[in-house]
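Sequence lines set the chain letters: A, B, ... in the order given, protein chains first and strands last, and positions in each chain run from 1.
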Amino acid sequence: MTQDTGWKRDKEGLGVWEHQGKVAITGWGMSPVDRRWDGMSMDKTLGAYAILAAQRALEDAGVKLDEVDGLFVCPDNLAGANGGSAANWGPTRPYFAPPYDSEEGLTIVTKRWMLDNLSPPNITYAPEYVPAIGEGLGMAAQAVGDGKCKVALYVYVMNNLEGRYRRGGESASAYSRGDNQWNNPWGANNIDLQASGTIPLRQYCQKYGTTWEEMMGPAIVNEHRNGLMQSWGFYALHGASGLNYEDYVNSRPIAWPARIWDYDRPVNAAGAFVITTSERSHDMRQKPVYILNHNEGRGGEARSSHMTMEDWEDGKARVARMVYEGSGLRPEDVDIFNPYDGFSVFLPFALEAFGWHGVKKGDAADFLKGDISVEGAHPFCSGGGNLGNGRTRTAMYIDSIEQLRGTAGRRQVTVKAETAVCAYDPGLTAWYLCLSNSQP
Amino acid sequence: MPKLIPVPDELSKPFWDAVNEKRLIVQNCRGCNTLQHPPREACRDCGSENLEWKETSGRGHISAFVVMMDSHLEYRTPDQPFNLALITLDDDPRVNFFSNLPGVPVREVQIGAAVEATFEEVAPDQLINEWKLVD
């Protein structure tokens, strides 16, 4: 079966999204966020959490399960059986009684498992291939806009198991194959290098006369502060990190100067979102948050063995052009900006490419050293992102929805919050969502 | 512990064969006269499949570096901490290579320093390209 990619908005020149403002997000839900699944607690499996997150999203939207006609479940995981060749670790276990008689429901959640166990009775559209949240929410939005379904439920899971993260498979091999033959012999692992962003940011610091610490320190401390103001984040639930600048600077180096806090913490959790037509959204519990645009694809790639600062600047600039073109927004129109921060290096490049609050090339360090708190004039990453909440990849979306609803509580920004740009966009991907609390 | 061993494929075999002869070659596009590395089926810039292998000067400069202290790669962890530098090729600085800068103490890396290609055995009959400071 061939994966359908025709729905993707993955290049420049596509114009404003044809369904702009006709599709809305009306609900979100999160499971508890655990560090790992312990392999025993059946109320804490990824399947149990996916069902819980879905139920909470439906409750938030005021939608009954039988009203859902579109189901989107991303089966990708980072750990365990389908997490890629570097992720092959975890116990060989005796299984449990159905529905937990395979990895499905334990460390993997598929469409089939959700159909069998959440049991929505009226699903008419449930694609087989559903991408990760950065593209997946766009896929669901496009499907609703195209009339393939009217009330879509998107479910995203992130798993984590016992043992060190992604140390199996090719990471444990003495050989380097494929693209890795150009990197791994020298110890240049893509994850260690923050999706090929660490060295480009070192080049950036050299060019613009700043240091890693003075740029990333304030950004990461701000992420943790905002994460502690979430109701569901890992640190908010499991003991506050209360990270300060000294903690950050003195923390364990991974690929110095990148430290442990520059990398998001793997967790075991699930999130879900309800997406519907603007007509239906008006009858639901929450104030709708309208989707102005979604983007997929990539802004570029490495020109040579490894990405450079120029690759990042050019690639992110292309991404920003796609996002702005499709949404009709200009940089000065964006109130809430929640770019992806799974690796800290993504932040300054995104900030400058999108020109949020007037930030231009080389300005990021000065901007991040300023007041970027939610109480101030430049509330950057108001949701705390992955760094402040754990690797759920949902914080950027949840915060944007809440800010536009006006329900972000202690995180509610004091500046205008009518539009948002948010993403799970690792590397130079263009996986963005643009939101507004009013129809254009 | 030795560095990881590259496994050549059809596209990369000429490169690794040259490395085993202590030569550093990269692809050159006959269409637009642009160097590229790693090798591709077609030119990254103009799309031409009219590519040739070209010997480089083997000269470069250190563009940036980090210090690996907790690598995912099991076979490199005994070497930690180690320098990991990005080297730009003088023939075309848009072409880059990784290096562990043999002989350079950890973290004592001078950005912009001139380097030249050298070669290091990682397995019987398999060298990899490395870079050392120019005296």
Side-chain angles (χ1 to χ4, degrees), chain A residues 86-87 164-194 196-207 212 252-260 262-263 300-311 345, chain B residues 1-9 11-12 15-16 26 34-39 44-45 63-77 79-89 92-101 106-107 111-112 120 122-123 126 128-131:
Chain A
R164 292 208 72 183
Y165 196 70
R166 294 178 76 85
R167 302 284 169 141
E170 64 193 18
S171 292
S173 172
Y175 296 90
S176 300
R177 295 179 170 82
D179 289 344
N180 286 335
Q181 68 188 295
W182 311 112
N183 313 321
N184 285 359
W186 299 271
N189 179 267
N190 187 50
I191 294 176
D192 297 330
L193 293 174
Q194 300 190 287
S196 303
T198 305
I199 286 177
L201 197 66
R202 290 278 280 163
Q203 294 173 317
Y204 175 101
C205 292
Q206 179 84 7
K207 177 174 180 177
W212 184 284
R252 182 164 64 89
I254 304 296
W256 180 91
R259 296 158 167 85
I260 188 77
D262 287 281
Y263 302 75
E301 59 185 5
R303 179 174 185 84
S304 188
S305 301
H306 192 62
M307 286 221 249
T308 63
M309 181 192 71
E310 289 79 12
D311 291 335
V345 296
Chain B
M1 191 170 281
K3 295 176 180 176
L4 276 71
I5 303 162
V7 179
D9 50 40
L11 198 56
S12 68
F15 175 86
W16 291 115
V26 297
T34 300
L35 298 180
Q36 67 179 13
H37 178 78
R44 184 188 191 280
D45 286 349
S63 175
F65 81 103
V66 299
V67 179
M68 296 305 302
M69 301 182 79
D70 188 9
S71 172
H72 274 74
L73 302 174
E74 181 180 321
Y75 276 76
R76 292 309 310 270
T77 54
D79 299 334
Q80 293 171 171
F82 59 85
N83 292 322
L84 174 64
L86 193 69
I87 307 298
T88 57
L89 185 69
D92 182 346
R94 295 176 301 176
V95 173
N96 59 43
F97 298 87
F98 283 111
S99 173
N100 294 139
L101 297 174
V106 170
R107 213 161 149 171
I111 302 299
E120 190 174 307
V122 292
Q126 183 61 63
I128 63 167
N129 51 299
E130 257 298 359
W131 298 82

Interatomic distance, CE@Met68(B) vs CH2@Trp186(A), rounded to 0.5 Å, equals 14.5 Å
- Item | Any side-chain donor near an acceptor of the partner, Asp192(A) and Ser71(B), under 3.5 Å | yes
Honestly, the part of Val122(B) sitting under 4.5 Å from a heavy atom of chain A is neither
Open item on the list: For a 4.5 angstrom cut-off between non-hydrogen side-chain atoms, does Pro185(A) reach Phe98(B)?
Closed with: no
Honestly, the part of Asp179(A) sitting under 4.5 Å from a heavy atom of chain B is neither
Ranked by heavy-atom pairs below 4.5 Å to chain A, first place among Ala85(B), Pro81(B), Ala123(B), Pro39(B) goes to Pro39(B)
Honestly, the part of Arg94(B) sitting under 4.5 Å from a heavy atom of chain A is both
Under 4.5 Å to a heavy atom of chain A? For Ile111(B) that would be side chain
Worksheet item: Is it true that atom CG of Asp9(B) has more than 12 heavy atoms of other residues, nucleotides or ligands lying nearer than 6.0 Å?
Response: yes
With a 4.5 Å limit on heavy-atom distance, are the side chains of Leu86(B) and Gln203(A) in contact? yes
Chain A shares the most heavy-atom pairs under 4.5 Å, among Asn83(B), Asn100(B), Leu89(B), with Asn100(B)
Worksheet item: Is it true that a side-chain atom of Asn96(B) and a backbone atom of His306(A) form a donor plus acceptor pair closer than 3.5 Å?
Response: yes
The interface call for Ser99(B) against chain A, heavy-atom contacts under 4.5 Å, is backbone
Review point. Are any of the side-chain heavy atoms of Arg177(A) and Leu4(B) separated by less than 4.5 Å?
Key: no
Assert top hit (heavy-atom pairs under 4.5 Å, partner chain A, pool Glu130(B), His37(B), Glu120(B), Gln80(B)) equals His37(B)
Residue from Ala255(A), Ala174(A), Ala258(A) scoring the most non-hydrogen pairs under 4.5 Å with chain B is Ala174(A)
Would you please classify the geometry between the Trp256(A) ring and the Phe65(B) ring as parallel, tilted or perpendicular, with 30° and 60° separating the classes? tilted
In this structure, CG of Leu193(A) is separated from NE2 of His72(B) (nearest 0.5 Å) by 11.0 Å
Between Pro8(B) and Gln181(A) the two heavy atoms that sit nearest each other are CA-OE1, 4.0 Å
Quick one: are Tyr75(B) and Asn184(A) in side-chain contact, heavy atoms under 4.5 Å?
-> no
Most heavy-atom pairs under 4.5 Å with chain A, out of Leu35(B), Val26(B), Leu73(B), belong to Leu73(B)
Max heavy-atom pairs within cutoff under 4.5 Å with chain B, candidates Glu310(A), Met309(A), Arg252(A), goes to Arg252(A)
Cut-off 4.5 Å, heavy atoms of chain A, and the answer for Asn129(B) is both
